[in-house]
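For reference, the structure discussed in these notes is given below.
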Amino acid sequence: MNILDFDRMKTNNSKISMVTCYDHWSAQLISQTEIDCILVGDSAAMVIHGHKTTLPATVEIMTQHIEAVARGANNKFIIGDMPFCSYRKGLVHTMQVVEKFMQAGSHAIKLEGADDNIQAIEHIVKSGIPVMGHLGLTPQSINALGGFKTQGKNNAAANKILAQAKSLEDAGCFATVLECIPSPLAQHITNELRIPTIGIGAGPHTSGQVLVLQDLLGLSPMHKPKFLKTYLSGFDLIKNALNQYNQEVKNAAFPLQEHCYEG
Ligand code: KIV
């Protein structure tokens with residue numbers, strides 16, 4: 001997939017699949033699948049580093065994740081997620097971060113919100129760098145939103161998200177994430193936009209879906225939002241494998257002759 005495919009897939013009504021990825025090993029795995037594109041999300045702060053929010057993700061941490069993913073992702077389209085405040089310190093600083101992310105191996109960047117970010121988005125787009133938007137539940141604003149809550153539930157809030165989505169499209173974004181908004185609102189926004197929408201907790205009518213890799217593989221059983229479908233009981237499978245290894249070490253059932261070098 002390349003940047004032109006986002007437009008083509010929206011036009012052809014072909015759904016876009018995206019997963020998060022933070023490391024080289026997972027990137028190699030995803031590169032062998034038919035998943036369309038990879039988001040190196042700032043959710044790394046929570047999923048990989050164990051924080052309660054995405055706020056502790058830094059430019060340095062995200063750059064390292066992007067580099068690791070890019071070394072394993074082969075031909076996949078990679079979107080690097082601009083972390084908390086990294087695009088709110090003026091255009092020069094914003095472009096320094098964008099430069100780092102693109103040099104680390106991103107093919108596009110993503111940032112949260114619209115409104116005051118529009119000028120920065122236009123500048124990034126005019127610099128030849130594709131920008132993905134992110135509306136609805138924007139986790140970097142968790143303190144202003146009062147928690148991880150569904151957004152756009154009343155008319156005024158829904159109209160605001162629609163207007164923001166149109167402003168992202170006008171600013172040149174090639175797609176936007178819609179996170180945790182009611183399904184009819186996501187459908188309406190998707191119908192109103194030329195660019196594709198990628199939903200998470202936004203129902204089935206968006207142009208595509210994104211899930212956190214560890215969530216969809218059932219590797220984080222403590223985290224089960226309503227919108228999540230798990231495709232594997234990864235946590236239990238891996239736990240069982242580790243316990244089996246432990247048992248075999250204790251019983252001297254591993255290693256066997258076939259695992260030994262001849263003298
Ligand atoms: O960081 C992330 O994983 C994201 C997705 C939830 C869209 O922004």
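When a ligand or atom number is given, it counts from 1 through the structure's own listing order.
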Margin query: Give me the residue, atom name and distance of the protein heavy atom closest to atom 3 (O) of ligand 1.
Written below: Ser43 OG, 2.5 Å
Checklist line | Asp7 with Lys10: basic N within carboxylate O range, under 4.0 Å | finding: no
Next item on the list: State the atoms of ligand 1, each with its element, that fall below the 4.0 Å cut-off from a heavy-atom position in Thr20.
Entry: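 Here the atoms of ligand 1 in question are 3 (O).
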Checklist line | Proximal atoms of ligand 1 relative to Asp42 (non-hydrogen, under 4.0 Å) | finding: 1 (O)
Note to self: With a 3.5 Å distance limit and no angle check, can you tell me whether Ser207 reaches the backbone of Thr197 through a side-chain donor-acceptor pair?
What the structure shows: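 Flag set: sc Ser207 to bb Thr197 pair under 3.5 Å.
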Note to self: Using a 3.5 Å distance criterion without hydrogens, assess whether the side chain of Gln140 forms a donor-acceptor pair with backbone atoms of Met82.
What the structure shows: yes
Next item on the list: Tell me which one of Asp215, Leu39, Val177 gets a heavy atom nearest to atom 5 (C) of ligand 1.
Entry: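 Looking at heavy atoms only, Leu39 sits closest to atom 5 (C) of ligand 1.
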Next item on the list: Please work out which of Lys110, Met18, Glu179 has its closest non-hydrogen atom nearest to atom 8 (O) of ligand 1.
Entry: Lys110
Next item on the list: Using non-hydrogen atoms of the residue, decide whether Glu112 is closer than 4.0 angstrom to ligand 1.
Entry: no
Item checked: Passing candidate, side-chain contact (heavy atoms from CB on, under 4.5 Å) with Lys110, options Thr176, Val131, Val177 ->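 That would be Val177.
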Check: Parallel, tilted or perpendicular: which describes the rings of Phe77 and Phe174, with under 30° parallel and over 60° perpendicular?
Finding: perpendicular
Item checked: Asn243-Lys239 side chain donor-acceptor pair, cut-off 3.5 Å -> no
Margin query: I want to know if ligand 1 touches Asp81 in the polar sense, i.e. an N/O pair below 3.5 angstrom.
Written below: yes
